[in-house]
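First comes the structure, then the notes that go with it.
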Amino acid sequence: MTNVTGASFNPIEFPSPTLISINGIKLEVFEAGQQNSDKPIVLCHGFPEHAFSWRYQIPELVKAGYHVIVPNQRGYGKSSRPIEVTEYDIEHLTSDLVALLDYYGYKDAVFIGHDWGANVVWNLALLHPERVNKVINLALPYQERGEKPWIEFMEEVFGGDFYFVHFNRQPGVADAIMDENIPQFLRNMFRKNVPLVPPEPGMWMINLARAKKVLGEPIMNEGELDVLISAFESSKFTGSINWYRNLDRNWHLLANVNPIIQQPALMIYGNRDMIPKFERLSEFVPNVEVVSLDCGHWIQQELPDETNQVILKWLEQYNS
């Protein structure tokens, strides 16, 4: 076990990673708890994150009897970073998680996702429903597949500087700027109590990478932040940004998929998050319970105790 210590929380043991060969790649996986239990749970990080973002949840889930499996998904950490952009589409990302279950010998599992990880979990429940026992997602609600591909739609609504669009229309530009400013970009990104103000002109993430001063307060101390900085200094950002570069491809891949998720689901919003709530969530996820916490986007790191309580209470009703 790797001892991870930070001033903002009690010393905890963060699991040591294992490189696992699955689905034609290698995934860096952190796990804790009793393997081959009847309670597997898989935690899926977002962008620009790392398995470390679940550091507060892992020990509490282990105490509750779960075998906790936390991958650095493809493009992140020491996991594989394929060259081809299409190898980061939703079929590859969800197949990685299915292969992870196969590796451990599990028929299905509870999946928890945050941000982009939530998007993968929603789609895993659509593409491989038999492998998903329950869904818990943070920050990013279910994304309805509209009449137009997502990037095309976003470009019309938000313009070419919107970071989803910019990543697709100007490939490599943002990657290079973020790679050159890794500590500053991550320090500026992971903040809480950020006032909702009109965005500055230009591309938001490039602005963050270059900004000398930003609003809000850090959610990580320097020791915690160093974990992310070290990981991205090794992996850089292109692999993780390639997830965005498959959004229109994903739109086409999901054309004939039943859009209704039947599994029990928990959706946790941050009331101060810039991502809007999806008011029609129950149309697509009929068995969903919705909880809102008084925080921003980085829910499980901003309010770890409250997040853990909500998750464990919701899970307990199915285990009693």
Side-chain angles (χ1 to χ4, degrees), residues 1-17 30-33 39 41-73 76-77 110-118 121 134-141 186-194 216-229 231 265-275 289-317 319:
M1 303 285 279
T2 301
N3 192 39
V4 180
T5 306
S8 63
F9 66 109
N10 291 328
I12 62 170
E13 285 193 332
F14 195 76
S16 298
F30 303 79
E31 61 170 317
K39 295 169 72 174
I41 192 163
V42 183
L43 312 184
C44 302
H45 65 78
F47 174 89
E49 292 187 289
H50 185 279
F52 186 68
S53 67
W54 299 107
R55 61 195 175 281
Y56 294 105
Q57 285 66 52
I58 294 171
E60 296 307 309
L61 289 167
V62 169
K63 287 179 188 175
Y66 287 90
H67 177 207
V68 187
I69 303 165
V70 195
N72 268 333
Q73 297 175 84
Y76 288 85
V110 178
F111 284 85
I112 305 183
H114 172 255
D115 183 79
W116 246 113
V121 171
K134 287 178 277 292
V135 170
I136 301 173
N137 277 328
L138 286 67
L140 188 77
L186 294 173
R187 189 173 287 110
N188 292 346
M189 173 67 77
F190 288 96
R191 303 185 77 79
K192 62 183 178 180
N193 299 326
V194 178
E217 306 155 24
I219 65 168
M220 285 183 270
N221 62 38
E222 288 299 310
E224 293 169 313
L225 193 62
D226 282 345
V227 175
L228 266 71
I229 292 171
L266 172 65
M267 178 67 218
I268 305 176
Y269 290 109
N271 279 336
R272 305 185 196 183
D273 197 349
M274 291 187 297
I275 297 176
E289 180 177 335
V290 176
V291 174
S292 296
L293 297 178
D294 186 23
C295 62
H297 182 67
W298 313 107
I299 297 171
Q300 75 271 32
Q301 298 184 76
E302 289 186 47
L303 293 179
D305 292 340
E306 293 87 338
T307 303
N308 292 345
Q309 289 169 13
V310 169
I311 289 172
L312 291 170
K313 181 181 178 182
W314 186 81
L315 288 170
E316 189 177 349
Q317 67 184 312
N319 297 325

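In this text the structure is predicted, and so the values were computed from the model without any measurement.
- The aromatic rings of Phe14 and Phe52 sit perpendicular to each other, their planes meeting at more than 60°, with 30° as the lower class boundary.
- Considering NE2 of His297 and CE of Met274, their distance stands at 8.0 Å, rounded to 0.5 Å.
- Shortest non-hydrogen contact noted between Pro141 and Tyr269 is CB-OH, 3.4 Å.
- With sequence neighbours left out, Trp298 forms a ring pair (Phe, Tyr, Trp, His ring centres under 6.0 Å) with His114, Phe190.
- Taking all atoms of both residues into account, the shortest heavy-atom contact from Ala139 to Asp273 is CB-OD2, 3.7 Å.
- Pairing each heavy atom of Cys44 with each of Trp54, the nearest pair is O-CZ2, 3.4 Å.
- Between the side chain of Asn271 and the main chain of Asp294, no donor-acceptor pair closer than 3.5 Å is present.
- Among all heavy-atom pairs drawn from Ile268 and Ile299, the shortest one is O-CD1, 3.4 Å.
- Leu140 is not listed as a side-chain neighbour of Trp116, based on a closest heavy-atom distance of 4.5 Å or more.
- Formation of a donor-acceptor pair under 3.5 Å by the Lys39 side chain with backbone atoms of Leu61 is not found in this model.
- A pairwise comparison of heavy atoms in Val62 and Val68 identifies CG2-CG2, 3.8 Å as the closest pair.
- Here the CZ-CD1 distance, from Phe111 to Ile69, works out to 8.0 Å after rounding to the nearest 0.5 Å.
- Contact record, His45 with Ser53: CB-OG, 3.9 Å, taken as the closest heavy-atom pair.
- With rounding to the nearest 0.5 angstrom, the CD1 atom of Ile41 is 3.5 Å from the CD1 atom of Ile112.
- The side-chain heavy atoms of Val194 and Arg272, taken from C-beta on, include no pair separated by under 4.5 Å.
- The pair Arg55-Glu224 meets the salt-bridge criterion, with a side-chain N (NZ, NE, NH1 or NH2) lying under 4.0 Å from an Asp/Glu carboxylate O.
- Lys63 has a carboxylate O that lies under 4.0 Å from a charged side-chain N of Glu60, or vice versa, which qualifies the two as a salt bridge.
- Put simply, the side chain of Gln300 never gets that close to the backbone of Tyr56: no donor and acceptor are under 3.5 Å apart.
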Carefully, step by step, assess Leu228 and Met220 under the rule side chain to side chain contact (heavy atoms under 4.5 Å, CB included).
CA-CA 10 Å; Leu228 266 71; Met220 285 183 270; 4.1 Å; yes
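- Residue Leu43 holds its CG atom at 12.0 Å from CD of Glu31, rounded to the nearest 0.5 Å.
- Qualifying salt bridge (charged side-chain N to carboxylate O under 4.0 Å, His left out) partners for Arg187, counting only residues two or more places apart in sequence or in other chains: Glu222.
- Distance check, rounded to the nearest 0.5 Å: CD of Gln57 to CD of Gln301 gives 8.0 Å.
- In this structure, Glu316 CD and Leu312 CG are separated by 8.0 Å, a value rounded to the nearest 0.5 Å.
- Inter-residue side-chain proximity for Pro15 and Ile58 is flagged as met; some heavy-atom pair is nearer than 4.5 Å.
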